[in-house]
Chemist: 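Following this message is one structure expressed as structure tokens.
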Amino acid sequence: MKILVSTHQGRLYDEVVDYVVVHNTDGEFAIMNNHVPVVAVMDEGYVKLVRNQEEYFVAIVNGILEFHDNVVSVLAQEAHIGTDKSSAKVHLEEFRNERLNQNRKEQVDFTQKERELREHLKNSKAGQL
């Protein structure tokens, strides 16, 4: 079966696997070849990917998983892959914290900026003949 994991930044994972194990707030379930179609919501969880006796874990935040025609599609707000559950979650948390810090640095007081814009327009006498 094939698995595609995507975020708003693009594809994170696109490979063929033997089977996957999905863990979300409802519990855990496995999906193997020719499984019935499935749709699952993943507030926070992970997908374990098994290929040739090797395991990889994709930590997921705010995602949806769909399986049909032997294709697992995961669309997530944020996702990170690791060799085990904890490393995937740690990397995801580091990425999220870094992004939050960057957002804090870029955060602008829009009320102040709007006031400044109005003052500049008033001073420039824009729109007056």
Side-chain angles (χ1 to χ4, degrees):
M1 83 176 56
K2 184 172 182 142
I3 183 163
L4 306 166
V5 179
S6 299
T7 68
H8 67 284
Q9 296 174 331
R11 275 201 182 144
L12 176 68
Y13 195 80
D14 181 355
E15 295 288 331
V16 174
V17 296
D18 297 332
Y19 67 93
V20 299
V21 176
V22 179
H23 176 83
N24 63 7
T25 54
D26 295 331
E28 239 181 41
F29 61 93
I31 300 175
M32 301 180 84
N33 277 327
N34 302 316
H35 195 281
V36 297
V38 174
V39 173
V41 175
M42 302 179 73
D43 294 330
E44 282 195 22
Y46 64 85
V47 178
K48 179 170 83 170
L49 315 170
V50 180
R51 182 179 70 188
N52 299 330
Q53 305 298 324
E54 293 179 15
E55 296 181 350
Y56 300 95
F57 290 81
V58 180
I60 305 286
V61 174
N62 295 331
I64 186 162
L65 176 140
E66 176 190 28
F67 174 81
H68 69 75
D69 297 331
N70 288 326
V71 176
V72 178
S73 300
V74 179
L75 181 60
Q77 180 181 2
E78 300 200 18
H80 201 283
I81 193 163
T83 55
D84 58 41
K85 266 190 294 194
S86 61
S87 72
K89 285 185 177 185
V90 165
H91 290 143
L92 180 61
E93 285 303 315
E94 288 172 357
F95 175 76
R96 291 180 81 195
N97 289 335
E98 180 181 314
R99 194 167 50 92
L100 285 172
N101 288 334
Q102 185 67 27
N103 286 345
R104 284 187 192 111
K105 289 178 187 175
E106 295 174 358
Q107 190 172 14
V108 176
D109 182 0
F110 288 107
T111 306
Q112 177 64 29
K113 294 296 181 189
E114 187 176 340
R115 231 180 277 127
E116 289 173 10
L117 179 61
R118 284 185 184 157
E119 185 65 30
H120 289 300
L121 286 172
K122 181 180 167 186
N123 293 339
S124 70
K125 297 180 183 176
Q128 296 178 359
L129 296 175

Chemist: For residues 30-49, run the donor-acceptor check on the side chains, cut-off 3.5 Å, and write out each pair with its distance to 0.1 Å, sequence neighbours left out.
Modeler:
residue : atom : partner : partner atom : Å
Asn33   : OD1  : Met1    : N            : 3.1
Asn34   : OD1  : Asn70   : ND2          : 3.1
Tyr46   : OH   : Glu28   : OE2          : 2.7

Chemist: Going from CD on Glu119 to NZ on Lys122, what distance comes out if it is rounded to the nearest 0.5 angstrom?
Modeler: 5.5 Å
Chemist: Show your reasoning for whether salt bridge (Lys or Arg N to Asp or Glu O under 4.0 Å) applies to Arg51 and Glu15.
Modeler: CA-CA 9 Å; Arg51 182 179 70 188; Glu15 295 288 331; 3.0 Å; yes
Chemist: In sequence, state the C-alpha distance, the side-chain angles, and the governing distance for Arg11 and Val5, and then conclude on side-chain contact (heavy atoms from CB on, under 4.5 Å).
Modeler: CA-CA 6 Å; Arg11 275 201 182 144; Val5 179; over 6 Å; no
Chemist: Which donor-acceptor pairs under 3.5 Å do the side chains of residues 55-69 make with protein atoms, sequence neighbours left out?
Modeler:
residue : atom : partner : partner atom : Å
Tyr56   : OH   : Glu54   : OE1          : 2.6
Asn62   : ND2  : Gln77   : OE1          : 2.5

Chemist: Under 4.5 Å between side-chain heavy atoms, counting indirect links through other Ile/Leu/Val/Met/Phe/Trp/Tyr residues: same cluster for Ile81 and Ile3 or not?
Modeler: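 Same hydrophobic cluster.
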Chemist: What about Tyr19 and Val74, same hydrophobic cluster or not, with Ile/Leu/Val/Met/Phe/Trp/Tyr joined at side-chain heavy-atom distances under 4.5 Å?
Modeler: no
Chemist: How many angstroms lie between atom CG of Leu4 and atom OH of Tyr13, to the nearest 0.5 angstrom?
Modeler: 11.0 Å
